[in-house]
Asker: 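Structure incoming, see below.
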Amino acid sequence: MSALADLLAGPVQEVAPRLLGAVVRHGPVAVRLTEVEAYDGADDPASHAFRGRTRRNQVMFGPAGHLYCYLSHGIHVCGNVSVGPEGRASGVLLRAGEVVDGIDVVRELRPGVADRDLARGPGRLGRALGLRLDLDGTDLTTGAVTVTPGEPPPETSCGPRTGVRHAADRAWRFWSTGDPTVSPYRRHAHANGL
DNA sequence: ACGAAGATGTCCT
DNA sequence: GGACATCTTCGTC
């Protein structure tokens with residue numbers, strides 16, 4: 001049992017906050033997570049897996065500890081960690097973090113962007129880490145992208161998830177309290193409550 | 001085969 | 001605060 005597998009054991013709502021402080025690495029770039037969201041498959045109307053298995057979301061139906069990548073608005077590649085046993089399509093969206101290695105590379109990639117904004121938001125985080133759709137399904141213990149448990153932040157907060165239309169009031173977003181790299185909350189224009 | 005929506009970011013007023 | 005870029009995925013016809 002790897003350290004990551006231990007960290008990912010249990011219900012996704014409990015796993016997600018434990019991922020705060022973990023380090024995601026792809027090549028020279030590493031990001032320490034400061035903000036994540038839990039998505040709970042068939043029990044969660046906001047999840048990509050709510051309506052069952054499709055080609056896009058199949059990774060979340062597989063074993064825990066794999067990377068689920070999806071394309072958002074034709075531009076942004078966002079990353080998730082699959083959670084839960086096979087058949088339960090839970091996942092944790094990597095929403096924001098602090099670049100802790102390879103910051104020169106990311107600065108060069110994003111001229112004029114403040115350091116704290118380099119991975120502030122799921123699209124920016126994906127871009128900073130060089131996530132691509134072909135990395136979908138990567139084993140996060142042995143693959144090109146890895147997640148390593150890290151020191152949890154001193155204080156964490158939770159609240160509703162950002163930008164989801166359905167189940168917009170579930171407090172399944174977790175972040176490092178007061179951290180400048182946490183993205184701003186935006187409620188969906190036509191949000192449905194629970 | 002077609003169309004609408006989207007777990008966003010950026011630029012505009 | 002609001003428009004819009006951009007293209008894949010999925011549901012429906």
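In what follows, every chain begins at residue 1, and chains take the letters A, B, ... in the order their sequences are listed. Because only heavy atoms are used, hydrogens play no part in the values below, and waters and symmetry mates are left out as well, while side chains stay in.
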Asker: Side chains of A/Glu155 and A/Ser176: is there a donor and an acceptor less than 3.5 Å apart?
Answerer: no
Asker: Does the pair A/Asp117 and A/Thr181 meet the rule for a side chain to side chain contact (heavy atoms under 4.5 Å, CB included), with working shown?
Answerer: CA-CA 6 Å; A/Asp117 291 334; A/Thr181 65; over 6 Å; no
Asker: Could you state the atom-to-atom distance from CZ of A/Arg53 to P of C/dG11 in whole Å?
Answerer: 14 Å
Asker: Is B/dA7 paired to anything, Watson-Crick or G-U wobble with both distances less than 3.5 Å, and if yes, which nucleotide?
Answerer: none
Asker: If you count every heavy atom of other residues, nucleotides or ligands that lies below 6.0 Å from A/Arg187 atom CZ, does the total exceed 12?
Answerer: yes
Asker: B/dC12 pairs with which nucleotide, Watson-Crick or G-U wobble, both distances below 3.5 Å?
Answerer: C/dG1
Asker: Atom CG of A/Asn57 and atom P of C/dT8: how far apart are they, to the nearest Å?
Answerer: 18 Å
Asker: Rounded to whole Å, how long is the line connecting atom CZ of A/Arg55 with atom P of C/dG11?
Answerer: 12 Å
Asker: For a side chain to side chain contact (heavy atoms under 4.5 Å, CB included) check, start with the C-alpha distance between A/His66 and A/Val145, then their side-chain angles and the critical distance, and finish with the verdict.
Answerer: CA-CA 9 Å; A/His66 291 250; A/Val145 181; over 6 Å; no
Asker: Might you work through the salt bridge (charged side-chain N to carboxylate O under 4.0 Å, His left out) test for A/Asp169 and A/Arg161, ending with a clear yes or no?
Answerer: CA-CA 7 Å; A/Asp169 293 327; A/Arg161 293 173 290 184; over 6 Å; no
Asker: Would you please indicate if the ring centroids of A/Tyr39 and A/His48 are separated by under 6.0 Å?
Answerer: no
Asker: Can you build the contact string for nucleotides 4-13 of chain B? Use B for base contact, S for sugar-phosphate-only contact, and - for no protein heavy atom under 4.0 Å.
Answerer: --BBBSS---
